[in-house]
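Single-structure report; data block below.
Note that the structure is a prediction, hence the values are computed from the model and not measured. One-based numbering, in listed order, for ligands and for the atoms of each.
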Amino acid sequence: MTIGAHVWMNGRVVAEREATVSVRAHALHYGSSVFEGIRAYATPRGPAAFCLQQHVDRLFDSCRIFRMALPYAPDEITKAIVDLIRRNGHNNCYVRPIVYRGAGSFNLDHRKSPLEMAIITLEWGRYLGVEAIEQGVDVMVSSWRRMAPNTFAPMAKIGGQYVNSSFVAMEATDGGFVEGIALDVEGNISEGSGENIFLIKEGVVYTPPLSSAILPGVTRMAVMTLCRDLKYRVEERALPREFLYTADEVFFTGTAAEITPIKSVDRVPVGKGGRGAITARLQGEFFGITAGKIPDRHIWLTYVHAGKQTVKTG
Ligand SMILES: Cc1ncc(COP(=O)(O)O)c(C=O)c1O
């Protein structure tokens, strides 16, 4: 993992080693941060950030939910991200903007501590392994549930909530699986520790709704759009656990995981036990668009080099 040499911190670009926080930072003690994960892909026209506007919008939504009043406009953050990718000289990278409460008070009302923000870039390969994209991954249903409504705020990407994801991920690793799937408090399928999930049965594409305690994934949105482009019916509905064992195809989506097929759940093979045909078709579209090889018909790419930008507004 190569970390970008420069970090954007509170409105200034500084050397990475100078981008430090206090041991008294509120976020360190109580998880009072919100963040994003964005990928920029190498294309023939240079690096292009995928769905940048949608990620910046979700960052601001997370801030609203968690009562963090950012002193920047969304356009300023969008520009800061594009400038930083260019400045760090990446061809492709992962971008991690984080808004957090710094050193101030130990009071649990985080609004008593100062609001800070940083943007980091790094070069990061395939999150779930190099072969995962083609061959799929073995996963388990976790004994850890996703948070119940009115306990945390699953729609927001809040740092402290990722303790739940850590439990899911650790249990999966310890059991010899690549990832875990958490059920919601009702026992319906929710999502992976850091991915949304899709199931396909008889040509229909299913995915859990927001009310199943999922993060509204940007990749999820893009994949639902691609399904409609390819004329697959998409249904967002509560899905019982058993559906994982009877589906023809199952896959994860996420900025880090991209579109990763699931080849078994709890050691039960999914379909024929490998990547299914619809999953492969969706991957073809997704990776074609992100590589700049298939026309970017939904204006999902923001080109990083000057004069070549298409920033989607609204
Ligand atoms: C808990 C969780 N669910 C789903 C996702 C997928 O969201 P996205 O496609 O926006 O990366 C992520 C990753 O950000 C996540 O952390």
Side-chain angles (χ1 to χ4, degrees), residues 31 33-41 49-62 65-66 81 93-99 120 122 124 126-128 132-133 137 139 142 144-149 151-172 178-185 188-199 207-227 234 236 239 250-260 262 282-283 285-287 289-290 298 300-302:
S33 65
V34 307
F35 64 98
E36 268 306 317
I38 305 163
R39 263 190 202 265
Y41 287 90
F50 180 69
C51 286
L52 180 55
Q53 203 62 54
Q54 290 84 347
H55 282 286
V56 171
D57 287 350
R58 188 174 64 190
L59 181 74
F60 278 77
D61 286 348
S62 295
I65 292 168
F66 203 29
I81 291 170
C93 66
Y94 181 83
V95 185
R96 168 55 56 84
I98 181 162
V99 180
I120 305 155
L122 49 109
W124 203 14
R126 300 275 185 235
Y127 180 61
L128 297 178
I133 297 289
V137 290
V139 308
S142 183
W144 295 95
R145 295 284 172 96
R146 279 286 283 176
M147 58 207 84
T151 57
F152 289 84
M155 275 184 68
K157 211 166 159 57
I158 296 173
Q161 294 180 172
Y162 277 78
V163 171
N164 177 255
S165 292
S166 283
F167 278 121
V168 172
M170 285 191 293
E171 184 182 43
V178 172
E179 180 56 296
I181 297 167
L183 305 178
D184 70 11
V185 72
N188 291 314
I189 301 166
S190 180
E191 61 179 1
S193 70
E195 308 86 11
N196 293 116
I197 192 165
F198 286 75
L199 297 86
T207 195
L210 293 186
S211 53
S212 291
I214 64 163
L215 183 79
V218 171
T219 322
R220 173 181 181 271
M221 172 284 298
V223 165
M224 287 166 80
T225 304
L226 293 177
C227 286
V234 185
E236 276 180 278
L239 299 166
V250 184
F251 62 86
F252 281 134
T253 64
T255 298
E258 301 168 297
I259 299 177
T260 299
I262 294 175
L282 291 166
Q283 285 181 321
E285 286 292 303
F286 179 84
F287 289 117
I289 292 172
T290 52
H298 298 291
W300 283 336
L301 300 182
T302 298

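- Nearest protein heavy-atom neighbour of atom 5 (C) of ligand 1: G194 O, 3.5 Å.
- Atom 7 (O) of ligand 1 has as its closest protein heavy atom G217 CA, 3.4 Å.
- Between R146 and F152 the shortest side-chain heavy-atom distance does not fall below 4.5 Å.
- Close to ligand 1: R58, with a non-hydrogen atom less than 4.0 angstrom away.
- Side-chain atoms of S62 do not come within 3.5 Å of backbone N or O of A156 as any donor-acceptor pair.
- Considering only non-hydrogen protein atoms, atom 16 (O) of ligand 1 sits nearest to Y162 OH, 2.4 Å.
- Closest to atom 4 (C) of ligand 1 by heavy atom, among Q161, E191, M221, is E191.
- A salt bridge links R39 to E258: at least one charged side-chain nitrogen sits closer than 4.0 Å to a carboxylate oxygen.
- Per-residue contacts place G254 under 4.0 angstrom from the following atoms of ligand 1 (heavy atoms of the residue considered): 6 (C), 9 (O), 11 (O).
- Atom numbering of ligand 1 starts at 1 in the shown order; those under 4.0 Å from a heavy atom of V218 are 8 (P), 9 (O), 10 (O).
- Taking only nitrogen or oxygen atoms, main chain and side chain alike, T253 does not reach within less than 3.5 Å of ligand 1.
- Of the protein's non-hydrogen atoms, the one nearest atom 11 (O) of ligand 1 is T255 OG1, 2.6 Å.
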side-chain contact (heavy atoms from CB on, under 4.5 Å) evaluation trace for I98 with V34: CA-CA 6 Å; I98 181 162; V34 307; over 6 Å; no
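- Applying side-chain contact (heavy atoms from CB on, under 4.5 Å) to R58 and the options K157, M155, M221, Q53 leaves one that passes, K157.
- Side-chain atoms of Q161 come within 3.5 Å of backbone N or O of A153 as a donor-acceptor pair.
- Heavy-atom distances between K157 and ligand 1 reach below 4.0 Å in at least one pair.
- With hydrogens left out, the protein atom closest to atom 9 (O) of ligand 1 is T219 OG1, 2.6 Å, a heavy atom.
- With a 4.0 Å heavy-atom cut-off, ligand 1 is reached by the backbone of S193 but not by any atom from C-beta on.
- W300 places none of its side-chain heavy atoms less than 4.5 Å from the side chain of F286.
- When only interatomic distances are considered, the shortest N/O to N/O separation between R220 and ligand 1 does not fall below 3.5 Å.
- S212 contributes no side-chain N or O that, together with a main-chain N or O of I214, makes up a donor-acceptor pair within less than 3.5 Å.
- Polar contact with ligand 1: absent for H55 (N/O pair, distance under 3.5 Å).
- In terms of polar-atom proximity, L215 is not counted as a contact of ligand 1, lacking any N or O under 3.5 Å from an N or O of the ligand.
- For the pair P97/I38, a side-chain contact is recorded, criterion being any heavy-atom separation below 4.5 Å from C-beta on.
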